[in-house]
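Have a look at the structure below before the remarks.
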Amino acid sequence: MAKITLNGRPVEAADGTLLIDVAKQAGVAIPHYCYHPALGNPGNCRMCLVEIKGAPKLMPSCRVRVADGMVVSTESPAVAAAQSGELELHLVNHPLDCPVCDQSGECGLQDYYMSIGRYKSSMVEDKRHFEKRKPVGPRVMLDQERCIACTRCVRFLAEVSKTHELGMFGRGHQERIDLAPGKTLDNPYSGNVVDICPVGALTDRDFRYQVRVWYLDRSDTVCPGCSRGCAISLHTSTQRPWHNGARRAARIKPRFNPEVNGYWICDEGRYSYKALDRDRLGKVLKLKPSRAELSWDAAFSEVSSRVKGLLEDHGPQSLAVVASGALSNEDWRSFKKLFVDSWKLVNFAFDPAPDQAGEEDALLRRRDKVPNLKGGAALGFGDQIKSLPWESLAHSIEAGRIKGLYVVDRDLFGVWGAKTPGLLEGLELVVFQGPWKGSTGDLAHYRLPATAWAEEDGGFTNFEGRSQGYRAALPPVGDAQPDWRIFEGLLAGLRAGRAE
Amino acid sequence: MKIITRHFDEPKLHELAVYRGLGGYEGLKKALAMSPADIAAEVKKSNLRGLGGAGFPAGMKWGTLPPQDKVPGPRYVVGNCDESEPGCFRDRVHVQRSPHQVLEGLLIACYAVGAKEGFIFIRGEYGRQYRVLMAAVKEAEAAGLIGEKILGASFSCKVMVMRGGGTYISGLDTALLESMEGKKSWPRQPPPFPTNFGLMGLPTVVHNVATLAMLPHIVAKGGEWFAKIGTPKSGGTMLFSVSGHVEKPGVYEFPMGVTLRALLQAAGGVTKGRALKAVIPGGTSTPPLGPEHLDLPLDFDSVRAQGSFLGAGGVIVLDETTDMVAVCRDIISFLTHESCGQCTPCREGSVWTKTILERMLSGRGRPEDPALLERAAGRITGTTICALGDTVGIVLKAYLKKFPEEFKARSSPEGERPGMEARV
C-alpha cells in the first residue's frame with residue numbers, strides 16, 4: 001500500500017495504481033479526455049495535470065503511478081491555471097456549434113468549461129476547417145472539426161473491436177480522425193465510439209437531431225438482445241412527446257458492469273430499443289369468430305373456461321404452449337404455476353428457432369438472441385420439461401393430436417414461415433400473448449397484450465446463470481400487463497370456473 | 001582544438017583506407033581490449049555531454065540502463081542523425097565527410113553497454129549522406145569491423161541504418177524510436193525513459209551521432225585528456241553550425257566554453273560589417289541572445305544561465321536589419337508545421353500563435369496582441385508531452401521579452417513598421 005497526501009488529505013492506495021484512479025476513488029474528479037480505464041492513457045489531452053511535490057513541472061495524473069509519500073495537489077492555483085489553459089487550447093479551433101450539436105448537454109468541453117474553464121475567450125482568428133459531416137459508417141457520423149484528437153475511438157477500434165477502421169491522419173494542427181483507406185466503420189460494436197467520444201465529433205446517426213439529451217430520462221436496465229445480459233441504460237423521451245419522432249424510447253447506452261459487459265455493448269443491442277415503439281399491442285381482443293374488445297376479467301374467464309373445456313374434452317396433451325426466452329424470471333415462475341402445476345400440460349416448445357439464433361463472437365454477442373432461457377431452465381424447462389422440436393409440434397397439429405395452442409411472445413412465422421396460417425387454422429383455440437403482435441397475433445382467437453421488458457420490473461438470468469434485475473423505464477402501452485400477471489389472472493379465472 | 005573535424009579537409013576521408021591511415025578504428029581496437037566498465041568509467045571522467053541538445057552527461061545516461069543480470073536480453077544503441085532543427089547542419093557535414101568516425105563511435109558504445117545491434121537513424125532528406133553512410137557500413141563489414149568477432153575479439157555487432165520519414169519530431173529520442181518501430185513518430189510520455197523502455201520496449205541508449213563520434217577519441221586518449229579540453233562541467237569540443245548574417249557560414253569546432261565573440265570572428269563576423277542584433281545559440285527553438293552576450297562562454301550551463309540553450313549548436317546570427325517579429329513568426333510557423341499533433345497545447349497553441357503573428361505582420365495587429373501571445377505562451381509552456389512542444393511557448397516568451405518594442409510596433413493597424421522583413 002502507498003500512503004499519499006491528496007489535497008492535504010491522507011489517502012491509501014495499492015502501489016502502482018494510476019494517480020487519476022486513486023483520486024477518483026477518493027472522490028476527487030480530475031478532468032480528462034484521453035484517459036479511459038479500458039483504453040489506456042496516452043496522455044495527449046493534458047487535462048489531468050496535477051502538482052506533485054518535487055516534480056519539476058505539472059504531471060499528467062493519468063500517467064503517474066502512486067508511490068509512498070507522494071504529495072499531490074489537484075486544486076493549487078498552478079493546476080487550476082493549467083487545466084483551464086488546456087481547455088482554452090482544446091477550444092480555440094472547436095467550432096462551438098453547441099446549438100446544433102447532439103453532444104450538447106453531455107459534452108466534456110461544456111462540462112469542463114463550466115467547472116474549470118470560465119475564462120474569457122480571446123480567440124479572434126478564423127477557425128480551422130475540416131469535414132463537418134462525414135458518414136464513416138452506417139451508424140456513426142464524424143465531425144472532424146469538433147474533434148479534440150484524444151484518440152479514444154482509434155484505440156477502441158484497435159484494441160477492443162480489433163477492426164482498425166479509424167486512424168489519425170495528417171500532422172500537427174492538420175491532424176484529424178479519418179477512415180483508414182478502403183474501410184467503413186460497420187463492425188458490430190461501432191456504436192461504442194460514440195459513447196467514448198468526449199465531444200460531439202462522433203455522433204450516432206440514429207440519434208442525431210431526434211431529441212436534446214436534457215429532455216431524456218434514464219433508467220438502468222438490462223439488454224434483452226441476447227443471453228449475455230449487458231448492463232444498459234435506456235433513455236426515454238416522454239417529457240416532450242412531440243420530440244424524437246413521437247417515439248418514447250430514444251436510445252440505449254451501455255452501463256459499466258465489470259462482470260458482464262465492461263464498458264461496451266453491441267450494435268444489435270444498442271438499436272433494439274426501436275421495437276419498443278413499433279407494432280405494440282395495447283388492447284385485450286377476441287378476434288374469432290368476430291372481433292371484440294374485452295376487459296381483462298372477461299378475457300381471463302373466457303380463455304380459462306375455453307381451456308378448461310378443451311382439456312376436459314381431449315386431455316392435457318391437446319394444448320401446447322409456445323414460449324420464448326424473453327420472459328423474465330418472474331414470468332417463468334407464474335408460467336410454470338399456470339401451465340405445469342395447474343393445467344398439467346405436457347407439450348411445450350421454447351427452444352430458439354433459427355430466427356432467434358444469430359452471430360456470436362468472443363467479446364459480447366451470444367448466439368441465442370433471447371435474454372432468459374436460463375430463467376426457464378432454472379425451473380426445469382429444458383431439463384425435466386423438454387422442448388418439443390418445432391417440426392414434431394407441427395406434425396402433432398397436422399395429425400390433430402394438438403387442438404389448441406397458447407403462444408407467449410413468439411412469432412411462429414419465424415419458425416414455420418408460410419405454413420403457419422394453415423397450421424393454426426384448424427385449431428380449436430389459439431391464444432396469443434405478447435408485447436408485439438407479429439403476424440401470429442392476427443391468427444389467434446384471443447390476443448392478450450403484454451408489457452415489454454422496458455415497461456415492467458423483473459429479472460433476467462444470463463447464460464452464465466447470473467440473475468440481474470431491471471426496472472420499468474416506461475408505462476405500459478394501453479392495457480398491457482406483465483406476462484406473469486396475465487398468467488396469474490388466468491389461474492384465478494380457472495379457479496373461479498371450478499368454483500362454479 | 002579540433003577533435004571531430006580535424007581531418008575534414010582530407011578529400012577522401014569517407015573511404016575506409018584513408019580513415020584508417022589517419023588512425024581510424026584505433027579507438028575501437030583499444031576499446032575491445034578494455035572492459036565495458038572501464039570504458040564507461042573513462043566516459044564518465046571525460047565529462048562528455050550529449051551533443052544533441054539536452055546536454056545530458058553521456059556517462060550518466062549509460063548508468064541509468066538496468067544492469068544486465070537484472071534485465072537480460074537484447075539492448076540497443078541508436079545514433080540519432082535526424083538533424084532537422086533549422087540552423088543545424090553539422091551532422092550532415094559530419095556524416096558526409098567522416099562516416100566511419102560515427103560508425104566507430106557507435107561500435108564502441110554498443111560494446112560498452114552490451115548491445116549487439118547498433119542503429120543509425122538518419123534524416124529522410126539526407127539522401128546523399130545516407131548513401132555515403134551505407135557505403136561506409138559495407139566497407140566496414142567487408143573489413144571485419146562490423147559483424148561477427150570484430151577485429152578478432154569476441155565482440156559481435158550488427159549495424160543498421162534507417163531513414164526517417166521526414167518529420168522534425170523524429171529527432172526527439174522517443175519519437176525516433178516510435179518511427180523506427182514503424183509507427184507514427186509521436187513522442188512517448190516519459191517515464192519510462194528509453195534506457196529502460198526503448199526500441200521494441202528494450203533498454204536503448206539514444207545518442208546524437210556527434211556524441212558517438214567523440215567516443216573513439218575519449219577511448220584512445222583517455223577521459224582526462226578530453227575533460228581538460230572543455231569547461232569543468234562539459235568536456236571536449238562542440239560543433240557549431242554557424243549561419244545567418246555572417247560572412248563565412250559553416251561548421252566550426254571549438255572547445256566547450258568558447259566565447260560567442262571568438263566564434264563570430266572565426267565565421268568572418270557579421271555580414272557587411274553591420275551591427276549585431278541577436279544570436280540564436282542552439283537552433284531556432286532556443287531563445288535568442290543579444291550583443292551583450294558576446295563574451296558569454298558557449299557551453300551548456302553558461303548559456304542556460306542566460307535563459308537560453310546551447311541546443312545542438314545551431315548558431316544563427318541576426319544583424320540590425322532583422323525584423324524580430326518576422327523571425328518569431330517564421331520559427332513558430334516551422335514549429336506549427338512540424339508539430340506532431342499528439343498533444344493539445346502544441347497542436348493548437350502553435351497554430352493559434354502563428355495566426356496571431358501573421359495577422360500582426362500583415363498590418364492588422366491589435367494593442368492586446370502581445371499580452372495575448374504572452375498568455376497563450378504561458379498555456380503551452382510546461383504542459384506538453386515532449387520538450388519540442390514546450391519550445392513554442394519558450395520561444396514566444398523569449399522574443400516577447402527581448403524585443404517588446406518591435407512587437408508593440410506591430411500591435412496597432414497604424415503602427416510604425418520597420419521597412420525590412422528578413423526570414424531566417
Side-chain angles (χ1 to χ4, degrees), chain A residues 33-35 40-51 55-60 62-65 67 78-79 81-94 119-128 147-151 154 158 167-177, chain B residues 165-170 183-192 333-360 364 366 368-369 371-390 392-393:
Chain A
Y33 293 126
C34 69
Y35 171 65
N41 49 350
N44 61 38
C45 77
R46 315 309 284 177
M47 290 298 295
C48 69
L49 294 171
V50 296
E51 199 169 317
K57 53 182 188 176
L58 301 180
M59 298 293 286
C62 74
R63 297 283 308 184
V64 176
R65 299 191 180 275
V79 172
Q83 290 181 347
S84 121
E86 290 312 302
L87 187 68
E88 179 168 13
L89 292 167
H90 274 291
L91 282 165
V92 286
N93 276 304
H94 184 84
Y119 58 82
K120 190 171 170 292
S121 174
S122 45
M123 173 73 176
V124 297
E125 323 301 330
D126 287 342
K127 296 208 176 196
R128 179 174 58 213
C147 176
I148 57 165
C150 72
T151 70
V154 178
M168 270 295 210
F169 295 85
R171 189 173 74 188
H173 68 286
Q174 287 300 314
E175 188 156 67
R176 60 207 172 269
I177 297 283
Chain B
T167 59
Y168 170 69
I169 195 70
S170 294
K183 302 180 199 152
K184 199 168 179 174
S185 51
W186 274 1
R188 298 173 185 166
Q189 166 80 54
S333 293
F334 173 79
L335 293 170
T336 304
H337 183 256
E338 292 295 341
S339 166
C340 82
Q342 183 182 197
C343 72
T344 312
C346 170
R347 180 183 67 236
E348 303 295 344
S350 59
V351 67
W352 185 19
T353 49
K354 175 194 140 182
T355 321
I356 297 170
L357 286 162
E358 279 174 347
R359 180 166 51 71
M360 290 170 80
R364 290 179 292 128
R366 305 173 308 153
E368 58 268 45
D369 283 337
L372 179 56
L373 284 172
E374 184 80 44
R375 171 156 161 242
R379 273 147 164 37
I380 302 162
T381 321
T383 61
T384 54
I385 290 177
C386 78
L388 300 189
D390 255 357
V392 178

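A, B, ... follow the sequence lines: proteins, then strands. Residue 1 opens every chain.
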Partner chain A: residue of B:Glu368, B:Arg188, B:Arg359 with the largest heavy-atom pair count (under 4.5 Å): B:Arg359

query: Using non-hydrogen atoms only, which part of A:Arg128 is less than 4.5 Å away from chain B: side chain, backbone, both, or neither?
result: side chain

query: Side chain, backbone, both or neither: which part of A:Pro56 has an atom under 4.5 Å from a heavy atom of chain B?
result: neither

query: OG1 of B:Thr383 to CE of A:Met59: how many Å apart, nearest 0.5 Å?
result: 13.0 Å

message: Please classify the contact of B:Leu372 with chain A as side chain, backbone, both or neither, using a heavy-atom distance under 4.5 Å.
response: side chain

message: Which heavy atom of B:Trp186 sits nearest to which heavy atom of A:Met168, and what is that distance?
response: CH2-CG, 3.7 Å

- request: Pick one of side chain, backbone, both or neither for B:Ile169, based on which atoms fall under 4.5 Å of a heavy atom in chain A.
  value: neither

- prompt: What part of B:Glu338 lies closer than 4.5 angstrom to a heavy atom of chain A: side chain, backbone, both or neither?
  reply: both

message: Tell me the closest heavy-atom pair linking B:Ser339 and A:Arg171, and the distance in Å.
response: O-CG, 3.2 Å

- request: Taking all non-hydrogen atoms of both residues into account, name the closest pair between B:Arg379 and A:Ser84 and its distance.
  value: NH2-OG, 3.7 Å

field: Closest approach of A:Arg63 to B:Gln189 (non-hydrogen atoms, all atoms of both residues)
entry: NH2-O, 3.0 Å

query: About how many Å separate CG of A:Asn44 and SG of B:Cys346, when rounded to the nearest 0.5 Å?
result: 12.0 Å

field: Side chain, backbone, both or neither of A:Gln174 within contact of chain B (heavy atoms, under 4.5 Å)
entry: neither

- request: Examine whether an atom of B:Ser350 lies under 4.5 Å from a heavy atom of chain A, and if so say whether it belongs to the side chain, the backbone or both; otherwise answer neither.
  value: neither

task: Output the option from A:His173, A:Lys57, A:Met123, A:Met47 having the highest count of non-hydrogen pairs under 4.5 Å with chain B.
output: A:His173

- prompt: For chain B, which of A:Leu49, A:Asp126, A:Asn41, A:Val124 has the most heavy-atom pairs under 4.5 Å?
  reply: A:Val124

- prompt: Could you walk me through whether A:Arg46 and B:Glu348 pass the salt bridge (Lys or Arg N to Asp or Glu O under 4.0 Å) check?
  reply: CA-CA 12 Å; A:Arg46 315 309 284 177; B:Glu348 303 295 344; over 6 Å; no

- prompt: Relative to chain A, which segment of B:Arg375 carries a heavy atom at a distance below 4.5 Å: side chain, backbone, both, or neither?
  reply: side chain

task: Below 4.5 Å from any heavy atom of chain A, which atoms of B:Asp369 appear? Answer side chain, backbone, both or neither.
output: neither

Distance (rounded to the nearest 0.5 Å) between A:Ser122 OG and B:Arg366 CZ: 8.0 Å

- prompt: What closest approach, in Å, do A:Gly170 and B:Lys184 show between heavy atoms, and which atom pair accounts for it?
  reply: O-NZ, 3.0 Å

message: If you count heavy-atom pairs within less than 4.5 Å of chain B, which of A:Leu58, A:Leu91, A:Ile148, A:Thr151 leads?
response: A:Ile148

field: Proximity breakdown for A:Phe169 and chain B, heavy-atom pairs closer than 4.5 Å
entry: backbone

message: Return the CD to OG1 distance between A:Glu88 and B:Thr344, rounded to the nearest 0.5 Å.
response: 13.0 Å

